[in-house]
Q: 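Here's a structure for you.
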Amino acid sequence: MNSLKIGILTVSDRASKGIYEDISGKEIINVLNEYVSSVWESVYEVIPDEQHIIEERLITLSDTKECCLIFTTGGTGPAPRDVTPEATEEVCYKMMPGFGELMRQESLKYVPTAILSRQTAGIRNKTLIINLPGKPKSIRECMQVVFPAIPYCLELIGEHTMDTNDENIKVFRPKK
């Protein structure tokens, strides 16, 4: 049985320099361990907030490493160095704006500044790329609302089958 490869790309100048520990990328892995029952492996990296580096890593994770799913964390705010959505849009062939819309809607339940977040999602070849916020609590809240659509999306774009733990997350698949 082949394992699914899932990219986790933390975008942070300070974490990439070792100034502080990357807890955001680790939270994504924690949530995936709770949700995904298929055999999967993470391809995990921490990089600086540089658009050309983000684009290059997204392309490598998709095209060379063959990740079926990539989560980014960080770089989605309004600050000048927050360029993760621009990098995602540059490398994707189809944008999936519903993911960002739903994440902002969910985050607004907790903080009024959620409207400042620019998360997005898109498809590159057979890879779904999703931008998540940078705070672990927000990552969990956002993954909880968008994850139910992810396994079916992966089936549609690349024939990837992702089994999930129904006790932790209820996903949608149309009846056959």
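In what follows, every heavy atom counts, from backbone to side chain, and hydrogens, waters and symmetry copies are set aside.
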Q: Specify the closest pair of heavy atoms between P85 and R118, including all atoms of both residues, with the distance to one decimal.
A: CG-O, 3.3 Å
Q: Distance alone, cut at 3.5 Å: any donor-acceptor contact between the side chains of Y110 and S138?
A: no
Q: How close do L69 and T127 get, counting heavy atoms only, and between which atoms?
A: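 Scanning both residues completely, I find the closest heavy atoms to be N-CG2, 4.1 Å.
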Q: Would you name the heavy atoms of I53 and P48 that are closest together and state the gap between them?
A: CD1-CG, 3.8 Å
Q: Could you tell me if the side chain of K5 sits less than 4.5 Å from the side chain of W40, heavy atoms only?
A: no
Q: Flag yes if V31 and F147 sit in one hydrophobic cluster, no otherwise; membership is Ile, Leu, Val, Met, Phe, Trp, Tyr, and two members link when side-chain heavy atoms are under 4.5 Å apart.
A: yes
Q: Using a distance-only test with no angle check, is there a side-chain donor-acceptor pair under 3.5 angstrom linking E101 and Q105?
A: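 No, no side-chain donor-acceptor pair sits under 3.5 Å.
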Q: Report yes if the side chains of I6 and S42 come closer than 4.5 Å at any heavy-atom pair, otherwise no.
A: no
Q: Does the S107 side chain pair with the main chain of M103, one donor and one acceptor, at a distance under 3.5 Å?
A: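 A pair under 3.5 Å: yes.
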Q: What are the two closest heavy atoms between P133 and I139, and how far apart are they?
A: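 In this case the closest contact between P133 and I139 is O-CG1, 3.3 Å.
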Q: Distance-only, no hydrogens or angles: does the T72 side chain make a donor-acceptor pair with backbone N or O of L9 under 3.5 Å?
A: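 No: the side chain of T72 does not pair with the backbone of L9.
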Q: Quick one: does any side-chain atom of R14 pair with a main-chain N or O of I19 as donor and acceptor, under 3.5 Å?
A: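 No, R14 side chain to I19 backbone: no donor-acceptor pair under 3.5 Å.
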Q: Check the hydrophobic clustering (I, L, V, M, F, W, Y; side-chain heavy atoms under 4.5 Å; chains of links allowed) and say if V11 and V83 are grouped together.
A: yes
Q: Locate the shortest heavy-atom distance separating F71 from M143; write the atom from each residue and the value.
A: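 Closest heavy-atom pair between F71 and M143: CZ-CE, 3.9 Å.
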Q: Can you confirm whether L154 sits close enough to L4 that some side-chain heavy atom of one is under 4.5 Å from a side-chain heavy atom of the other?
A: no
Q: Side chains of E34 and N165, heavy atoms from C-beta outward: is any pair under 4.5 Å?
A: no
Q: Return yes if a side-chain donor-acceptor contact under 3.5 Å exists between N131 and T84, otherwise no.
A: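 There is no such pair between these side chains.
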Q: Look at the side chain of S16 and the backbone N and O of D13, then say whether any donor-acceptor pair between them is shorter than 3.5 Å.
A: yes
Q: In terms of hydrophobic clustering (I, L, V, M, F, W, Y; side-chain heavy atoms under 4.5 Å; direct or indirect links), are M95 and I130 co-clustered?
A: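 M95 and I130: separate clusters.
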Q: Going by heavy atoms in the side chains, are P148 and I169 under 4.5 Å from each other?
A: yes
Q: Is any side-chain N of the basic residue among K109 and E141 closer than 4.0 Å to the acidic one's carboxylate O?
A: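 No, this pair does not count.
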Q: Same hydrophobic cluster for V36 and I70, using side-chain heavy-atom links shorter than 4.5 Å among ILVMFWY?
A: no
Q: Closest heavy-atom contact between G25 and Y44?
A: CA-CE1, 4.0 Å
